[in-house]
Amino acid sequence: EGTYTEALGIGEDKSGSLWLGGQFGLANIFGGRANLFGIENGVDPPFIQALLVDREEVIWIGTFGGGLKKLIGDHLRIFTSREGLLSDNVNTIFPDSKNRIWIGTKNLANVIKRDSVFSVQFEKRYLNDQTRAFGEKADGTVYLGAFNYLFRIVQSSRATFDALRIPEIRGAYSGIAVINSPPQSNELWLGTYGEGVVHLAKGKTTHITTSDGLVSDMIENIVPTRNGLWFLSRNNGATFYRNGMLKNYSGAEGLPSKMLFCVLEDNDSTVWFGTNKGLVRMRGNAFRLYGNEEGLVGTSVLGIIKDSSHGSSDLWIVSDRALHRFEHDKLQSYASFSIMSSEETSINQVTYQASTNQLWLATTNGAVRVNLAAARRLNVAPPIHMTKVFNDEVLLYDELATISSGNELKRFVLPYNRNNISFSYASTSFAREEEILYRY
(Lines give C-alpha, C1' and ligand atoms only; values in the text may rest on other atoms or scores of the structure.)
Protein backbone atom coordinates (compact mmCIF):
# COMPACT_ATOMS: atom_id res chain seq x y z
CA GLU A 1 0.00 0.00 0.00
CA GLY A 2 1.51 3.31 -1.07
CA THR A 3 -0.13 4.99 1.93
CA TYR A 4 2.26 3.32 4.34
CA THR A 5 5.45 5.19 3.55
CA GLU A 6 8.52 5.23 5.78
CA ALA A 7 8.02 1.74 7.23
CA LEU A 8 10.50 1.60 10.12
CA GLY A 9 9.22 -1.55 11.85
CA ILE A 10 7.80 -4.79 10.50
CA GLY A 11 6.52 -8.01 12.10
CA GLU A 12 4.26 -10.97 11.37
CA ASP A 13 2.04 -12.90 13.76
CA LYS A 14 1.18 -16.61 13.62
CA SER A 15 -1.89 -16.01 11.46
CA GLY A 16 0.24 -14.48 8.71
CA SER A 17 -1.00 -10.99 9.47
CA LEU A 18 1.55 -8.27 8.72
CA TRP A 19 2.17 -5.40 11.16
CA LEU A 20 3.83 -2.20 10.00
CA GLY A 21 4.99 0.82 11.95
CA GLY A 22 6.27 4.13 10.64
CA GLN A 23 5.41 7.76 10.05
CA PHE A 24 1.86 6.74 9.10
CA GLY A 25 1.26 5.12 12.49
CA LEU A 26 0.40 1.44 12.93
CA ALA A 27 -1.10 -0.69 10.16
CA ASN A 28 -2.25 -4.30 10.02
CA ILE A 29 -2.52 -6.04 6.65
CA PHE A 30 -4.24 -9.42 6.27
CA GLY A 31 -5.99 -11.07 3.34
CA GLY A 32 -5.36 -8.08 1.09
CA ARG A 33 -7.17 -5.71 3.48
CA ALA A 34 -5.45 -3.01 5.51
CA ASN A 35 -6.51 -1.63 8.88
CA LEU A 36 -4.85 1.60 9.99
CA PHE A 37 -4.74 2.30 13.72
CA GLY A 38 -4.95 6.05 14.29
CA ILE A 39 -5.91 8.55 16.93
CA GLU A 40 -9.30 6.93 17.51
CA ASN A 41 -7.49 3.70 18.46
CA GLY A 42 -5.11 5.46 20.82
CA VAL A 43 -2.05 5.10 18.59
CA ASP A 44 -1.01 8.74 18.70
CA PRO A 45 1.34 10.46 18.02
CA PRO A 46 1.65 8.56 14.77
CA PHE A 47 5.44 8.37 14.29
CA ILE A 48 6.43 4.80 15.23
CA GLN A 49 10.16 4.10 15.61
CA ALA A 50 10.13 0.45 16.79
CA LEU A 51 7.76 -2.49 16.54
CA LEU A 52 7.81 -5.98 18.04
CA VAL A 53 5.44 -8.94 17.71
CA ASP A 54 6.44 -11.10 20.69
CA ARG A 55 6.09 -14.87 21.12
CA GLU A 56 2.64 -14.44 22.68
CA GLU A 57 1.44 -12.31 19.74
CA VAL A 58 1.43 -9.09 21.74
CA ILE A 59 2.16 -6.03 19.60
CA TRP A 60 4.65 -3.64 21.20
CA ILE A 61 4.88 -0.19 19.61
CA GLY A 62 7.62 2.33 20.33
CA THR A 63 6.74 5.91 19.35
CA PHE A 64 8.48 9.23 18.99
CA GLY A 65 7.16 11.25 21.93
CA GLY A 66 4.17 9.04 22.81
CA GLY A 67 5.87 6.36 24.85
CA LEU A 68 5.25 2.64 24.47
CA LYS A 69 1.95 1.07 23.32
CA LYS A 70 0.93 -2.53 24.06
CA LEU A 71 -1.78 -3.93 21.81
CA ILE A 72 -3.58 -7.23 22.56
CA GLY A 73 -6.52 -7.70 20.23
CA ASP A 74 -8.59 -4.54 20.64
CA HIS A 75 -7.13 -3.70 24.04
CA LEU A 76 -4.49 -0.97 24.13
CA ARG A 77 -2.25 -0.21 27.09
CA ILE A 78 -0.05 2.89 27.05
CA PHE A 79 3.20 3.29 28.97
CA THR A 80 4.67 6.80 29.22
CA SER A 81 6.87 8.77 31.59
CA ARG A 82 3.86 8.92 33.91
CA GLU A 83 4.08 5.15 34.29
CA GLY A 84 7.84 5.30 34.86
CA LEU A 85 9.49 5.35 31.42
CA LEU A 86 12.72 7.34 31.43
CA SER A 87 11.63 8.93 28.15
CA ASP A 88 8.58 8.94 25.86
CA ASN A 89 10.92 8.65 22.86
CA VAL A 90 11.19 4.83 22.39
CA ASN A 91 13.63 3.60 19.74
CA THR A 92 14.41 -0.03 20.69
CA ILE A 93 12.27 -2.95 21.95
CA PHE A 94 13.94 -6.21 22.97
CA PRO A 95 12.36 -9.40 24.42
CA ASP A 96 14.56 -11.58 26.62
CA SER A 97 14.30 -15.26 27.55
CA LYS A 98 12.49 -14.47 30.81
CA ASN A 99 9.48 -12.86 29.10
CA ARG A 100 10.66 -9.37 29.97
CA ILE A 101 10.47 -6.52 27.48
CA TRP A 102 13.42 -4.13 27.49
CA ILE A 103 12.67 -0.60 26.32
CA GLY A 104 15.45 1.53 24.88
CA THR A 105 14.87 5.29 24.82
CA LYS A 106 16.78 8.48 24.23
CA ASN A 107 17.42 8.44 27.99
CA LEU A 108 18.65 4.86 28.30
CA ALA A 109 16.24 2.09 29.35
CA ASN A 110 13.41 0.50 31.32
CA VAL A 111 12.18 -3.07 31.63
CA ILE A 112 8.54 -4.24 31.66
CA LYS A 113 7.44 -7.44 33.35
CA ARG A 114 3.77 -8.41 33.77
CA ASP A 115 2.73 -4.88 32.76
CA SER A 116 4.81 -3.30 35.51
CA VAL A 117 7.46 -0.75 34.54
CA PHE A 118 10.77 -1.07 36.36
CA SER A 119 13.52 1.48 36.24
CA VAL A 120 17.06 0.60 35.36
CA GLN A 121 19.33 2.60 37.63
CA PHE A 122 22.16 4.42 35.87
CA GLU A 123 24.73 6.74 37.35
CA LYS A 124 23.69 10.34 36.84
CA ARG A 125 26.58 11.12 34.50
CA TYR A 126 25.28 8.55 31.98
CA LEU A 127 21.63 9.62 31.86
CA ASN A 128 21.99 11.66 28.65
CA ASP A 129 23.16 8.63 26.69
CA GLN A 130 20.89 6.85 24.17
CA THR A 131 20.18 3.14 23.82
CA ARG A 132 21.20 1.62 20.48
CA ALA A 133 21.04 -2.17 21.00
CA PHE A 134 20.35 -4.96 23.50
CA GLY A 135 21.82 -8.44 23.69
CA GLU A 136 21.33 -11.45 25.96
CA LYS A 137 23.84 -14.14 26.75
CA ALA A 138 22.88 -17.76 27.29
CA ASP A 139 23.14 -17.33 31.06
CA GLY A 140 20.43 -14.63 30.93
CA THR A 141 22.70 -11.62 31.38
CA VAL A 142 21.37 -8.61 29.46
CA TYR A 143 23.73 -6.10 27.90
CA LEU A 144 22.83 -2.62 26.74
CA GLY A 145 24.85 -0.87 24.08
CA ALA A 146 24.42 2.89 24.23
CA PHE A 147 25.81 5.64 22.07
CA ASN A 148 28.88 6.01 24.25
CA TYR A 149 29.09 3.07 26.67
CA LEU A 150 28.29 -0.58 27.24
CA PHE A 151 26.38 -1.65 30.35
CA ARG A 152 25.70 -4.98 32.04
CA ILE A 153 22.27 -5.03 33.69
CA VAL A 154 21.82 -6.92 36.95
CA GLN A 155 18.73 -7.37 39.13
CA SER A 156 19.64 -6.16 42.59
CA SER A 157 16.18 -6.71 44.12
CA ARG A 158 12.73 -7.83 43.05
CA ALA A 159 11.93 -4.42 41.58
CA THR A 160 15.36 -2.90 41.01
CA PHE A 161 17.76 -3.26 38.12
CA ASP A 162 21.22 -1.70 38.09
CA ALA A 163 23.23 -0.85 35.00
CA LEU A 164 26.93 -1.47 35.55
CA ARG A 165 29.16 0.23 33.08
CA ILE A 166 31.89 -1.94 31.64
CA PRO A 167 34.76 0.55 31.99
CA GLU A 168 37.12 -0.92 29.42
CA ILE A 169 34.67 -0.42 26.59
CA ARG A 170 33.58 2.84 25.04
CA GLY A 171 32.15 3.36 21.58
CA ALA A 172 29.06 4.01 19.49
CA TYR A 173 27.50 0.56 19.14
CA SER A 174 26.17 -0.62 15.80
CA GLY A 175 24.92 -3.94 17.11
CA ILE A 176 25.33 -6.81 19.57
CA ALA A 177 25.76 -10.42 18.47
CA VAL A 178 25.51 -13.27 20.97
CA ILE A 179 27.21 -16.53 20.06
CA ASN A 180 25.99 -19.62 21.94
CA SER A 181 27.30 -22.34 19.67
CA PRO A 182 28.56 -24.43 21.32
CA PRO A 183 26.22 -23.40 24.18
CA GLN A 184 29.00 -23.26 26.75
CA SER A 185 30.85 -20.61 24.71
CA ASN A 186 28.41 -17.88 25.79
CA GLU A 187 30.30 -15.19 23.87
CA LEU A 188 29.32 -11.60 23.26
CA TRP A 189 30.51 -9.72 20.19
CA LEU A 190 30.00 -6.00 19.78
CA GLY A 191 30.26 -3.98 16.60
CA THR A 192 31.05 -0.30 17.00
CA TYR A 193 31.34 2.85 14.95
CA GLY A 194 34.97 3.85 15.30
CA GLU A 195 36.26 1.32 17.85
CA GLY A 196 36.24 -1.86 15.78
CA VAL A 197 34.97 -5.08 17.38
CA VAL A 198 34.77 -5.90 21.09
CA HIS A 199 34.68 -9.50 22.34
CA LEU A 200 33.46 -10.51 25.80
CA ALA A 201 33.95 -14.10 26.96
CA LYS A 202 34.76 -15.77 30.29
CA GLY A 203 35.18 -12.42 32.03
CA LYS A 204 37.78 -11.27 29.52
CA THR A 205 37.44 -8.29 27.19
CA THR A 206 39.27 -8.25 23.86
CA HIS A 207 39.42 -5.36 21.40
CA ILE A 208 39.96 -6.02 17.72
CA THR A 209 40.81 -2.93 15.68
CA THR A 210 42.67 -1.99 12.53
CA SER A 211 45.92 -2.15 14.49
CA ASP A 212 45.22 -5.88 14.93
CA GLY A 213 44.46 -6.32 11.26
CA LEU A 214 40.72 -5.58 11.22
CA VAL A 215 39.65 -4.21 7.86
CA SER A 216 37.96 -1.15 9.40
CA ASP A 217 37.05 0.29 12.79
CA MET A 218 33.60 1.20 11.42
CA ILE A 219 31.76 -2.13 11.71
CA GLU A 220 28.26 -2.15 10.26
CA ASN A 221 27.24 -5.73 11.03
CA ILE A 222 28.41 -9.01 12.58
CA VAL A 223 27.24 -12.22 10.87
CA PRO A 224 27.85 -15.59 12.58
CA THR A 225 28.41 -18.66 10.39
CA ARG A 226 29.18 -22.26 11.27
CA ASN A 227 32.88 -21.68 10.62
CA GLY A 228 33.40 -18.28 12.21
CA LEU A 229 32.29 -14.66 12.17
CA TRP A 230 32.07 -12.07 9.42
CA PHE A 231 32.66 -8.45 10.36
CA LEU A 232 31.19 -6.22 7.65
CA SER A 233 32.52 -2.69 7.47
CA ARG A 234 30.69 0.36 6.28
CA ASN A 235 32.93 1.03 3.27
CA ASN A 236 36.13 -1.01 3.39
CA GLY A 237 35.21 -4.65 2.83
CA ALA A 238 34.97 -7.46 5.38
CA THR A 239 37.03 -9.43 7.89
CA PHE A 240 36.56 -13.15 8.56
CA TYR A 241 37.37 -14.24 12.11
CA ARG A 242 38.05 -17.80 13.17
CA ASN A 243 39.91 -19.10 16.24
CA GLY A 244 41.66 -15.81 16.81
CA MET A 245 42.76 -15.44 13.19
CA LEU A 246 41.71 -12.53 10.97
CA LYS A 247 41.53 -12.56 7.20
CA ASN A 248 40.54 -9.44 5.32
CA TYR A 249 38.66 -9.24 2.05
CA SER A 250 38.83 -5.90 0.33
CA GLY A 251 40.01 -4.41 -2.93
CA ALA A 252 43.56 -5.66 -2.45
CA GLU A 253 42.31 -9.25 -2.17
CA GLY A 254 40.20 -8.92 -5.31
CA LEU A 255 36.80 -8.14 -3.79
CA PRO A 256 35.03 -6.18 -6.57
CA SER A 257 33.41 -3.77 -4.09
CA LYS A 258 34.28 -2.62 -0.58
CA MET A 259 30.72 -1.57 0.29
CA LEU A 260 29.00 -4.67 1.69
CA PHE A 261 25.37 -5.06 2.74
CA CYS A 262 25.11 -8.78 3.56
CA VAL A 263 26.98 -12.09 3.51
CA LEU A 264 25.93 -15.75 3.31
CA GLU A 265 28.10 -18.84 3.68
CA ASP A 266 26.95 -21.82 1.62
CA ASN A 267 27.18 -25.51 2.54
CA ASP A 268 30.28 -26.03 0.38
CA SER A 269 32.08 -23.05 2.01
CA THR A 270 31.22 -20.81 -0.91
CA VAL A 271 30.72 -17.27 0.41
CA TRP A 272 28.26 -14.83 -1.15
CA PHE A 273 28.49 -11.07 -0.67
CA GLY A 274 25.85 -8.48 -1.40
CA THR A 275 27.58 -5.31 -2.53
CA ASN A 276 26.79 -1.98 -4.16
CA LYS A 277 28.08 -3.39 -7.46
CA GLY A 278 26.12 -6.64 -7.47
CA LEU A 279 26.36 -10.22 -6.21
CA VAL A 280 29.84 -11.53 -5.48
CA ARG A 281 30.74 -15.21 -5.16
CA MET A 282 33.93 -16.27 -3.42
CA ARG A 283 35.28 -19.79 -3.85
CA GLY A 284 38.67 -20.28 -2.33
CA ASN A 285 40.43 -17.04 -3.19
CA ALA A 286 38.62 -16.52 -6.50
CA PHE A 287 35.92 -13.86 -6.83
CA ARG A 288 33.19 -13.63 -9.44
CA LEU A 289 30.88 -10.66 -9.84
CA TYR A 290 27.32 -11.07 -11.07
CA GLY A 291 26.20 -7.67 -12.28
CA ASN A 292 23.94 -6.29 -14.98
CA GLU A 293 25.65 -8.24 -17.76
CA GLU A 294 25.03 -11.47 -15.81
CA GLY A 295 21.32 -10.74 -15.34
CA LEU A 296 21.17 -8.55 -12.23
CA VAL A 297 18.38 -5.98 -12.34
CA GLY A 298 19.54 -2.95 -10.38
CA THR A 299 22.87 -2.19 -8.76
CA SER A 300 23.04 -3.16 -5.08
CA VAL A 301 22.35 -6.58 -3.54
CA LEU A 302 20.67 -6.10 -0.15
CA GLY A 303 19.64 -9.64 0.76
CA ILE A 304 20.87 -13.20 0.07
CA ILE A 305 18.51 -15.97 1.18
CA LYS A 306 18.88 -19.75 1.13
CA ASP A 307 15.82 -21.40 -0.41
CA SER A 308 14.21 -23.57 2.27
CA SER A 309 11.75 -25.36 -0.01
CA HIS A 310 12.24 -29.10 -0.62
CA GLY A 311 15.89 -29.05 0.37
CA SER A 312 16.81 -26.73 -2.45
CA SER A 313 20.34 -25.36 -2.57
CA ASP A 314 19.35 -22.38 -4.71
CA LEU A 315 19.49 -18.78 -3.55
CA TRP A 316 17.07 -15.88 -3.61
CA ILE A 317 18.72 -12.53 -4.29
CA VAL A 318 17.13 -9.20 -3.35
CA SER A 319 18.55 -6.25 -5.26
CA ASP A 320 17.59 -2.62 -4.97
CA ARG A 321 15.27 -3.07 -7.97
CA ALA A 322 13.95 -6.63 -8.12
CA LEU A 323 13.89 -10.22 -6.88
CA HIS A 324 16.19 -12.84 -8.43
CA ARG A 325 16.95 -16.52 -8.18
CA PHE A 326 20.41 -17.99 -8.52
CA GLU A 327 20.37 -21.52 -9.89
CA HIS A 328 22.57 -23.56 -12.23
CA ASP A 329 25.24 -20.87 -12.00
CA LYS A 330 22.88 -18.29 -13.49
CA LEU A 331 21.16 -15.23 -12.07
CA GLN A 332 17.58 -14.83 -13.28
CA SER A 333 15.03 -12.17 -12.41
CA TYR A 334 11.76 -13.35 -10.88
CA ALA A 335 8.27 -12.01 -10.16
CA SER A 336 6.41 -9.16 -11.81
CA PHE A 337 7.23 -6.43 -9.33
CA SER A 338 9.92 -3.87 -8.80
CA ILE A 339 10.88 -3.47 -5.16
CA MET A 340 12.02 0.10 -5.60
CA SER A 341 9.32 2.35 -6.99
CA SER A 342 11.61 5.38 -7.23
CA GLU A 343 15.24 6.35 -6.92
CA GLU A 344 14.50 7.91 -3.51
CA THR A 345 13.11 4.67 -2.07
CA SER A 346 15.30 2.51 0.13
CA ILE A 347 14.89 -0.78 1.98
CA ASN A 348 15.07 -0.58 5.77
CA GLN A 349 14.76 -4.27 6.59
CA VAL A 350 14.81 -7.63 4.80
CA THR A 351 13.15 -10.45 6.76
CA TYR A 352 12.83 -14.06 5.64
CA GLN A 353 10.65 -16.69 7.36
CA ALA A 354 11.86 -20.15 6.44
CA SER A 355 8.79 -21.86 7.96
CA THR A 356 6.41 -20.12 5.53
CA ASN A 357 8.90 -19.31 2.75
CA GLN A 358 7.81 -15.67 2.91
CA LEU A 359 10.02 -12.68 2.20
CA TRP A 360 9.16 -9.34 3.86
CA LEU A 361 10.66 -6.03 2.80
CA ALA A 362 10.16 -2.89 4.85
CA THR A 363 10.92 0.12 2.63
CA THR A 364 10.61 3.87 2.80
CA ASN A 365 7.81 3.56 0.26
CA GLY A 366 5.74 0.87 1.94
CA ALA A 367 6.05 -2.88 2.52
CA VAL A 368 6.42 -5.74 0.07
CA ARG A 369 5.50 -9.34 0.86
CA VAL A 370 6.74 -12.05 -1.49
CA ASN A 371 5.59 -15.66 -1.42
CA LEU A 372 8.77 -17.25 -2.74
CA ALA A 373 7.00 -20.57 -3.36
CA ALA A 374 4.73 -18.84 -5.91
CA ALA A 375 7.34 -16.56 -7.50
CA ARG A 376 7.59 -17.02 -11.26
CA ARG A 377 10.44 -16.16 -13.55
CA LEU A 378 9.94 -13.42 -16.12
CA ASN A 379 10.55 -15.34 -19.36
CA VAL A 380 7.87 -13.92 -21.68
CA ALA A 381 8.73 -10.94 -23.86
CA PRO A 382 6.14 -8.17 -23.50
CA PRO A 383 4.06 -7.31 -26.61
CA ILE A 384 4.99 -4.56 -29.06
CA HIS A 385 2.59 -1.72 -29.81
CA MET A 386 2.82 0.54 -32.86
CA THR A 387 1.98 3.93 -31.39
CA LYS A 388 2.19 6.31 -34.40
CA VAL A 389 2.82 6.17 -38.16
CA PHE A 390 3.81 9.16 -40.31
CA ASN A 391 4.02 9.66 -44.07
CA ASP A 392 6.48 12.55 -44.33
CA GLU A 393 4.88 14.99 -41.84
CA VAL A 394 1.35 13.62 -42.19
CA LEU A 395 0.07 11.57 -39.24
CA LEU A 396 -1.49 8.39 -40.62
CA TYR A 397 -2.08 6.48 -37.40
CA ASP A 398 -2.30 7.30 -33.69
CA GLU A 399 -2.88 4.30 -31.40
CA LEU A 400 -4.43 6.37 -28.59
CA ALA A 401 -6.89 8.05 -30.96
CA THR A 402 -7.78 4.68 -32.48
CA ILE A 403 -8.40 3.14 -29.06
CA SER A 404 -10.51 6.07 -27.84
CA SER A 405 -12.61 6.22 -31.03
CA GLY A 406 -13.03 2.48 -31.31
CA ASN A 407 -12.22 2.63 -35.04
CA GLU A 408 -10.30 -0.22 -36.57
CA LEU A 409 -7.03 0.29 -38.36
CA LYS A 410 -7.65 1.12 -42.02
CA ARG A 411 -5.61 0.31 -45.07
CA PHE A 412 -3.43 3.19 -46.20
CA VAL A 413 -3.03 4.29 -49.80
CA LEU A 414 0.03 6.54 -50.01
CA PRO A 415 0.67 9.17 -52.75
CA TYR A 416 3.66 8.68 -55.02
CA ASN A 417 5.32 11.99 -54.07
CA ARG A 418 5.58 11.33 -50.29
CA ASN A 419 8.22 8.65 -49.90
CA ASN A 420 9.27 8.80 -46.21
CA ILE A 421 7.61 6.45 -43.76
CA SER A 422 8.37 6.69 -40.03
CA PHE A 423 6.80 4.97 -37.06
CA SER A 424 7.12 4.86 -33.27
CA TYR A 425 6.60 1.88 -31.03
CA ALA A 426 6.53 0.86 -27.38
CA SER A 427 6.37 -2.26 -25.27
CA THR A 428 4.34 -2.41 -22.08
CA SER A 429 5.60 -4.20 -18.99
CA PHE A 430 4.33 -3.69 -15.46
CA ALA A 431 7.56 -5.10 -14.04
CA ARG A 432 10.45 -3.00 -15.40
CA GLU A 433 9.36 -0.95 -18.40
CA GLU A 434 12.50 1.20 -18.34
CA GLU A 435 14.69 -1.91 -18.81
CA ILE A 436 13.08 -3.22 -22.02
CA LEU A 437 15.52 -3.68 -24.88
CA TYR A 438 14.41 -3.28 -28.54
CA ARG A 439 15.80 -4.79 -31.71
CA TYR A 440 14.84 -3.55 -35.18
(message) If you apply the rule side chain to side chain contact (heavy atoms under 4.5 Å, CB included), what do you find for Phe287 with Leu289, and how did you get there?
(response) CA-CA 7 Å; Phe287 292 92; Leu289 174 67; over 6 Å; no
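- Between the side chain of Thr210 and the main chain of Gly213, no donor-acceptor pair closer than 3.5 Å is present.
- When all heavy atoms are compared, the tightest approach of Ala238 to Trp230 is CB-CE3, 4.0 Å.
- Side chains of Asp96 and Val111 form no contact here, defined as non-hydrogen atoms less than 4.5 Å apart.
- Between the side chain of Asn292 and the main chain of Gly295, no donor-acceptor pair closer than 3.5 Å is present.
- Without hydrogens or angle criteria, Thr239 side chain to Val215 main chain gives a donor-acceptor distance under 3.5 Å.
- Judged by distance alone, the side chain of Asp217 and the main-chain N or O of Thr209 form no donor-acceptor pair under 3.5 Å.
- Open room surrounds CZ on Arg152; 12 or fewer heavy atoms of other groups in view lie less than 6.0 Å from it.
- A heavy-atom distance below 4.5 Å is found between the side chains of Gln155 and Arg100.
- Closest non-hydrogen pair, Ser97 versus Glu136, comes out as OG-OE2, 2.5 Å.
- Under the 3.5 Å distance criterion, the side-chain polar atoms of Ser250 are matched with a main-chain donor or acceptor of Asn236.
- Around the CG atom of Asp115, the shell of radius 6.0 Å holds more than 12 heavy atoms that belong to other residues, nucleotides or ligands.
- The salt bridge (charged side-chain N to carboxylate O under 4.0 Å, His left out) contacts involving residues 282-297 comprise Arg288-Asp329, where partners must be two or more places apart or lie in separate chains.
- When side chains are defined from C-beta on, Val301 does not count as touching Phe261, because their heavy atoms never get closer than 4.5 Å.
- The aromatic rings of Trp102 and Phe134 are tilted relative to each other, their planes meeting at an angle between 30° and 60°.
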(message) With side chain to side chain contact (heavy atoms under 4.5 Å, CB included) as the criterion, how do Thr299 and Lys277 come out once you've worked through the C-alpha distance, each side chain's angles and the decisive distance to 0.1 Å?
(response) CA-CA 5 Å; Thr299 304; Lys277 293 185 179 179; 5.8 Å; no
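- The closest side-chain heavy-atom distance from Val117 to Leu68 is not below 4.5 Å.
- Across all non-hydrogen atoms, the minimal contact from Ala163 to Phe122 is CB-CE2, 3.2 Å.
- Residues Leu229 and Val197 fail the side-chain proximity criterion, which asks for heavy atoms closer than 4.5 Å.
- Glu195 places none of its side-chain heavy atoms less than 4.5 Å from the side chain of His207.
- Pairing each heavy atom of Leu144 with each of Leu150, the nearest pair is O-CD1, 3.4 Å.
- Across every non-hydrogen atom of Phe151 and Leu108, the tightest pair is CE1-CD2, 4.5 Å.
- Considering all non-hydrogen atoms of both residues, Leu260 and Ser257 come closest at CD2-O, 3.8 Å.
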